[in-house]
Amino acid sequence: MSDQESRSVATATVVKHVLLIVAGYVIGWINGAPLWGALIAALALLGWHIYNLIKLRTWLKSKRSGAIPYGTGIWPTIYARISHFRERSSVHKQRSRELEDARSEFVHTLPNAAFELNEQFEVLTANAQAMELTDDAQEQLSGPISNHLRQPAFIKYLESGDYADGVILQSAQNPEQTLQCVISDRGREGWLLQLIDITQQIKALKIREDFVANASHELRTPVTVLKGYLEGLADDELDHSMEGPVNAMAEQVRRMEAIIADLLTLNVLESAGPAPTDNPVNIAELLKSIHTDALQSKHCPSEFTLNIESSAQVLGDEVELRSVITNLVSNALRFTPQEGRILITWQDAADEVELRVEDNGIGIHEDDIPRITERFYRTVPGRNRHQFGTGLGLAIVKHALARHDSELTVDSELGSGSVFCCRFPSSRIRRG
């Protein structure tokens with residue numbers, strides 16, 4: 001019913017009531033008691049409405065699905081409106097039940113262990129995999145999810161409020177099972193918690209790490225033997241025609257040694273946890289030392305500047321941080337021409353401290369930037385300079401920075417140079 005119709009019905013009802021009271025007044029006036037006539041008419045109207053209210057109450061309590069009660073005046077309209085809202089409510093409840101069933105069915109069809117949680121992280125439902133994982137029956141899976149997954153790492157993840165990256169857990173029922181826990185926001189519907197079994201991926205990663213470590217160790221022996229023979233040959237007086245091949249072999253052996261060393265370093269970094277936070281590293285002194293060494297390089301450009309604007313120290317591993325700086329500087333040296341420019345800056349940036357290595361060298365194509373920290377990945381210009389590096393430097397930088405709660409960002413344009421930047425958070429900084 002529209003607002004205009006509602007006003008019309010209300011007006012008609014008021015007019016009818018006024019006319020009935022006036023009629024009572026006239027009848028009373030004819031009999032010499034006009035006020036009594038009006039009062040009796042008003043009481044009759046009141047009694048009629050009380051009767052209909054009682055009938056309405058009875059209908060609402062005991063005949064919720066029955067026919068609309070008969071009435072006159074405004075009451076049929078009231079009954080019809082209530083019946084309409086009741087039907088709408090019934091439809092909405094039915095739709096709500098269907099949606100609830102659909103959500104529950106969705107959770108039960110997921111291939112991973114899944115919990116449907118409300119906004120307070122209390123369990124609403126869970127699939128069979130979740131029940132098997134927690135060793136609980138469906139009726140026992142209720143209350144806060146922290147009652148069922150009590151691992152400290154999960155509790156910390158739950159309280160953090162940052163659910164983007166998930167957290168790795170060991171199954172309480174099977175210590176050899178590794179799970180990735182991910183919480184997804186479903187808005188007003190609450191949260192979806194999934195526990196993904198990544199045991200096989202972890203095992204594959206461990207196999208790869210073991211293979212790289214074992215292969216690298218095994219390669220060291222033949223490379224060392226070759227290096228020894230080549231050094232012996234270099235000390236002897238060689239025929240002029242043999243000097244070139246022997247020197248080339250010696251260079252490749254040195255490169256192989258560097259690759260093996262970088263592979264072992266990278267293997268350790270990938271499997272290690274966060275770097276220690278009780279050892280302050282003087283980055284300014286490291287930069288001065290590396291800058292002095294780089295000035296002696298044959299690849300050093302005409303303009304190579306060190307700009308130290310911060311005295312902050314980084315809490316972490318000195319060897320790894322030296323490796324980060326060395327690899328970034330070496331990378332800039334390799335891809336900057338002799339007439340080019342390199343600028344290294346150590347500066348404060350709000351609550352953080354920033355290390356920047358800028359050059360105006362050959363630059364990087366935007367399609368290559370997301371991949372330059374992969375093992376052995378080389379850009380097209382980089383392939384032409386492969387003899388100067390192992391192809392693992394930026395991968396080492398990436399993992400070493402991750403251990404120090406930082407990451408490498410790259411801003412580059414092909415032909416215009418590059419800016420490599422890493423920011424260390426306040427939790428990793430000691431000032432003064």
Side-chain angles (χ1 to χ4, degrees), residues 258-259 261-266 268-270 272 274-277 279-301 303-336 340-349 352-361 364 369 372-373 375 382 385 388-412 417-431:
I259 291 175
D262 282 353
L263 277 173
L264 290 172
T265 299
L266 189 56
V268 171
L269 290 174
E270 285 183 326
T277 57
N279 180 42
V281 179
N282 192 328
I283 300 297
E285 291 301 319
L286 279 182
L287 288 170
K288 291 176 183 177
S289 173
I290 294 169
H291 179 254
T292 300
D293 293 341
L295 287 173
Q296 311 306 316
S297 170
K298 63 181 180 180
H299 304 297
C300 184
E303 185 179 346
F304 186 14
T305 307
L306 174 62
N307 184 19
I308 297 177
E309 299 179 0
S310 174
S311 60
Q313 296 179 318
V314 175
L315 301 175
D317 186 288
E318 181 174 353
V319 174
E320 293 178 18
L321 291 172
R322 175 181 285 275
S323 176
V324 167
I325 300 170
T326 300
N327 278 298
L328 291 177
V329 172
S330 298
N331 197 66
L333 290 173
R334 286 199 300 273
F335 299 108
T336 303
R341 171 181 56 81
I342 296 176
L343 171 63
I344 304 174
T345 305
W346 178 241
Q347 62 186 5
D348 294 318
E352 302 173 317
V353 181
E354 181 180 79
L355 172 66
R356 293 170 62 90
V357 179
E358 305 177 49
D359 66 70
N360 64 347
I364 307 169
I369 291 177
I372 59 175
T373 56
R375 295 183 182 210
R385 301 182 178 222
F388 300 129
T390 65
L392 296 169
L394 291 181
I396 291 174
V397 169
K398 172 186 174 181
H399 289 284
L401 287 176
R403 286 204 351 115
H404 291 79
D405 304 318
S406 179
E407 63 180 356
L408 180 68
T409 59
V410 182
D411 183 14
S412 182
S418 306
V419 178
F420 291 79
C421 177
C422 38
R423 288 189 172 188
F424 297 92
S426 57
S427 59
R428 285 282 178 178
I429 298 301
R430 176 177 291 182
R431 301 183 185 275

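Everything numeric here is computed off the predicted structure, so don't read it as measured data.
For Arg322 against Ser289, the heavy-atom pair with the smallest separation is NH1-OG, 3.8 Å. For Arg428 against Gly316, the heavy-atom pair with the smallest separation is NH1-CA, 4.0 Å. Taking all atoms of both residues into account, the shortest heavy-atom contact from Gly417 to Ser412 is O-OG, 3.0 Å. The two residues Val329 and Ala294 make their nearest non-hydrogen contact at CG1-CB, 4.1 Å. When all heavy atoms of Pro425 and His404 are compared, the closest pair comes out as CD-O, 4.1 Å. Between Ile290 and Ile325, the shortest heavy-atom distance links the atoms CD1-CG2, 3.4 Å.
A 4.5 Å side-chain heavy-atom check between Thr345 and Ile308 finds every atom pair outside the cut-off. Between Asp348 and Arg431 there is a side-chain heavy-atom pair separated by less than 4.5 Å. Contact of the Leu394 side chain with the Phe420 side chain is registered, since non-hydrogen atoms from C-beta on lie closer than 4.5 Å. For the pair Phe304/Leu295, a side-chain contact is recorded, criterion being any heavy-atom separation below 4.5 Å from C-beta on. With contacts defined as side-chain heavy-atom distances shorter than 4.5 Å, the pair Leu392/Thr265 does not qualify. Between Arg341 and Thr336, every side-chain heavy-atom pair lies at or beyond the 4.5 Å cut-off. At least one side-chain heavy atom of Glu358 sits under 4.5 Å from a side-chain heavy atom of Val419. Between Leu263 and Arg375, the closest side-chain pair of non-hydrogen atoms falls below 4.5 Å.
Remark: side-chain polar atoms of Thr409 are paired, donor with acceptor, to backbone N or O of Cys421 under 3.5 angstrom.
Note that the CD1 atom of Ile283 and the CD atom of Gln313 stand 8.5 Å from one another [nearest 0.5 Å]. Separating the SG atom in Cys300 from the CG atom in Asp293 is a distance of 11.5 Å, to the nearest 0.5 Å. Taking CZ of Phe424 as the reference point, atom CG of Leu355 lies at 6.0 Å (rounded to 0.5 Å). Between Leu408 atom CG and Ile372 atom CD1 the span is 6.5 Å, to the nearest 0.5 Å. Distance check: Leu287 CG to Trp346 CH2 gives 7.5 Å after rounding to the nearest 0.5 Å. Residue Asn327 holds its CG atom at 6.5 Å from CG of Asp262, rounded to the nearest 0.5 Å.
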| said: Assess the residue pair Val314 and Val353 against the criterion (side-chain contact (heavy atoms from CB on, under 4.5 Å)); give the C-alpha distance rounded to whole Å, side-chain angles, the decisive distance to 0.1 Å, and a yes or no. | reply: CA-CA 9 Å; Val314 175; Val353 181; 5.9 Å; no
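Surrounding CD of Gln347 are more than 12 heavy atoms belonging to other residues, nucleotides or ligands, all under 6.0 Å away.
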